[in-house]
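Everything below concerns the one structure shown next.
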Amino acid sequence: MPFEFEFRDAYIVYFFTAVAAILVVEALYLVFFAAADNRTRLNRRLKVMKTETDRQEILLRLRRERGLTSDGDFRLPIEALSRLVLQSGLTIGLGRLAAIAAGMGVVPFIGMLVWQGDPIKAAAAGFFGVILLPLFILRTLRNRRHLKFGSQFPDAIDMITRSLKAGHPIPVAIALVAREMPDPVGSEFGLVADEVTYGAELESALRDMQSRVGQEDLPLFVTAVAIQSATGGNLREILDNISSVIRQRFKMRRKVKAISAEGRFSALALSALPLILFGVIMLISPDFYGEVWHLPLTQIGLGATAGWMLFGNIIMHKMVKFRI
């Protein structure tokens with residue numbers, strides 16, 4: 001018995017030693033390499049320009065990667081799905097995306113069919129894998145991209161304002177943002193610059209960017225540039241005010257997120273507690289549910305419980321989610 005206790009203690013020591021080694025390596029990387037990595041970080045458009053010199057071909061390639069045709073139209077017949085794929089920022093193409101979605105459906109279908117032997121349950125698992133799971137991932141990627149674009153957007157507007165103060169026209173200022181900013185702002189403004197270069201009107205190119213991104217602060221900038229192009233005015237002052245408004249909204253969102261942290265943590269704890277208890281019971285006493293697991297009433301009860309928990313999570317999410 002003492003030998004077994006010492007053996008377990010040794011493995012705990014090994015575990016924490018490995019964690020310490022990983023943290024040391026990460027610290028060395030942050031000290032010596034992070035700064036150089038930030039200096040050499042490029043957006044997707046500039047990476048493509050390293051291997052391709054034809055600006056028009058670069059524009060077409062970036063459109064095809066995002067699921068658009070060469071003319072900038074949607075390739076999928078379902079507009080909502082096409083817009084979701086476009087705004088998620090994926091650059092793997094529709095073919096690879098379809099193959100990944102099919103794999104997500106085939107694996108749970110075969111697994112459920114082998115485990116339960118019920119084609120209906122297997123079809124439900126396959127539907128979840130091929131439809132619901134990819135949609136959830138795409139929505140998550142889109143939300144993350146919106147947050148990143150929103151955090152970079154005021155800096156991009158400030159860069160455009162400084163360029164206008166130096167006497168540059170607005171297309172040159174947009175091209176400057178495309179060269180200096182990382183993704184997603186860099187590539188999106190780069191597409192605008194390329195479209196203007198090959199004959200598109202500035203307002204039309206900006207509207208296309210608004211459709212590709214879908215971020216809620218972007219219409220302020222697009223509308224301001226469109227009105228100034230049509231009626232004239234001091235665009236620099238307008239953009240300064242827009243940048244200030246966006247920064248204040250971003251600051252308010254962070255403040256609301258901090259205030260609602262307690263509610264979000266409570267929702268997480270209330271959601272995780274039943275799952276943790278279920279796992280502990282299955283680990284300590286597998287027969288507790290094992291004896292009645294196959295009964296239809298048990299499956300219906302667990303399904304109703306899961307649905308009720310999901311409904312409660314939706315309510316709690318609405319309570320701590322504010323739109324500013």
Side-chain angles (χ1 to χ4, degrees), residues 30 34-35 37-39 41-44 83-84 86-89 136 138-166 168 170 173-192 206-207 209-228 233-269 271 313-324:
L30 292 176
D37 181 69
N38 289 331
R39 287 194 299 268
R41 185 183 303 166
L42 301 173
N43 58 56
R44 175 62 183 167
R83 195 175 302 278
L84 179 60
L86 179 62
Q87 294 179 358
S88 67
F136 174 76
L138 288 175
R139 287 178 60 89
T140 302
L141 292 175
R142 182 183 65 179
N143 293 337
R144 289 182 179 179
R145 194 166 190 263
H146 283 175
L147 290 175
K148 190 173 182 180
F149 189 95
S151 64
Q152 296 174 348
F153 194 38
D155 295 332
I157 295 178
D158 291 342
M159 190 177 297
I160 293 174
T161 303
R162 290 193 297 268
S163 182
L164 293 176
K165 290 180 180 178
H168 297 152
I170 185 67
I174 289 176
L176 177 63
V177 173
R179 291 196 305 268
E180 299 295 333
M181 296 289 293
D183 280 335
V185 167
S187 291
E188 293 296 344
F189 276 83
L191 287 172
V192 173
L206 291 175
R207 298 291 182 188
M209 180 178 68
Q210 180 179 335
S211 176
R212 289 194 305 269
V213 178
Q215 206 268 343
E216 57 185 3
D217 294 327
L218 189 55
L220 297 174
F221 171 77
V222 175
T223 303
V225 175
I227 293 175
Q228 193 274 339
N234 190 348
L235 183 60
R236 291 175 298 176
E237 183 179 353
I238 295 174
L239 294 183
D240 280 335
N241 293 332
I242 290 176
S243 176
S244 176
V245 169
I246 294 175
R247 291 182 189 277
Q248 291 299 324
R249 291 178 63 182
F250 191 75
K251 182 179 179 180
M252 182 61 67
R253 293 191 191 103
R254 290 293 182 90
K255 185 179 295 186
V256 170
K257 187 176 181 181
I259 294 174
S260 62
E262 182 181 357
R264 289 185 286 110
F265 181 79
S266 299
L268 179 62
S271 301
N313 276 272
I314 294 175
I315 297 298
M316 287 186 288
H317 177 75
K318 296 292 185 181
M319 292 174 63
V320 299
K321 186 72 172 181
F322 299 92
R323 187 176 183 87
I324 300 175

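No experiment lies behind these values; they were computed from the predicted model shown.
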List the atom of Gly233, the atom of Gln228, and the distance in Å for their closest heavy-atom pair.
O-NE2, 3.5 Å
Taking only residues two or more places apart in sequence or in another chain, which ones pass ring pair (Phe, Tyr, Trp, His ring centres under 6.0 Å) with Phe250?
none
List the atom pairs, donor and acceptor, that lie under 3.5 Å between side-chain atoms in residues 159-166 and the rest of the protein, sequence neighbours left out.
residue	atom	partner	partner atom	Å
Thr161	OG1	Ile157	O	2.9
Ser163	OG	His168	ND1	2.9

Quick one: CD1 on Ile259 to CZ on Arg254, what's the gap to the nearest 0.5 Å?
14.0 Å
Can you confirm whether Gln87 sits close enough to His146 that some side-chain heavy atom of one is under 4.5 Å from a side-chain heavy atom of the other?
yes
Residues that Ile227 engages under side-chain contact (heavy atoms from CB on, under 4.5 Å), provided they are two or more places apart:
Thr223, Thr231
Output every pair passing salt bridge (charged side-chain N to carboxylate O under 4.0 Å, His left out) with a member in residues 255-265, not counting sequence neighbours, ordered by first then second residue.
none
Report yes if the side chains of Met209 and Leu191 come closer than 4.5 Å at any heavy-atom pair, otherwise no.
no
Just wondering, do Gln210 and Gln215 contact through their side chains at under 4.5 Å, heavy atoms?
no
Pick out which of Val225, Asn241, Leu239, Ile242 makes a side-chain contact (heavy atoms from CB on, under 4.5 Å) with Leu220.
Ile242
State the CG-CZ distance between Leu147 and Arg142, to the nearest 0.5 angstrom.
11.5 Å
In a table with atom names and distances, give each donor-acceptor pair under 3.5 Å that connects a side chain of residues 175-188 to protein atoms at least two apart or in another chain.
residue	atom	partner	partner atom	Å
Asp183	OD1	Ser187	N	3.2
Asp183	OD1	Ser187	OG	2.5
Asp183	OD2	Arg44	N	2.7
Ser187	OG	Arg44	N	3.2
Ser187	OG	Arg45	N	3.2
Glu188	OE1	Arg212	NE	2.8
Glu188	OE1	Arg212	NH2	3.3
Glu188	OE2	Arg66	NH1	2.9
Glu188	OE2	Arg66	NH2	3.1
Glu188	OE2	Arg145	NH1	3.4
Glu188	OE2	Arg145	NH2	2.8

Return the minimal non-hydrogen interatomic distance between Ser243 and Asp158, and the atom names on each side.
OG-OD1, 2.9 Å
For Phe136, is there any backbone N or O sitting under 3.5 Å from a side-chain donor or acceptor partner on Thr140?
yes
Scan for side-chain hydrogen bond (donor to acceptor under 3.5 Å, both in side chains) pairs involving residues 148-157, sequence neighbours excluded, and state none if there are none.
Asp155-Arg247
Parallel, tilted or perpendicular: ring planes of Phe221 versus Phe153, cut at 30 and 60 degrees
perpendicular
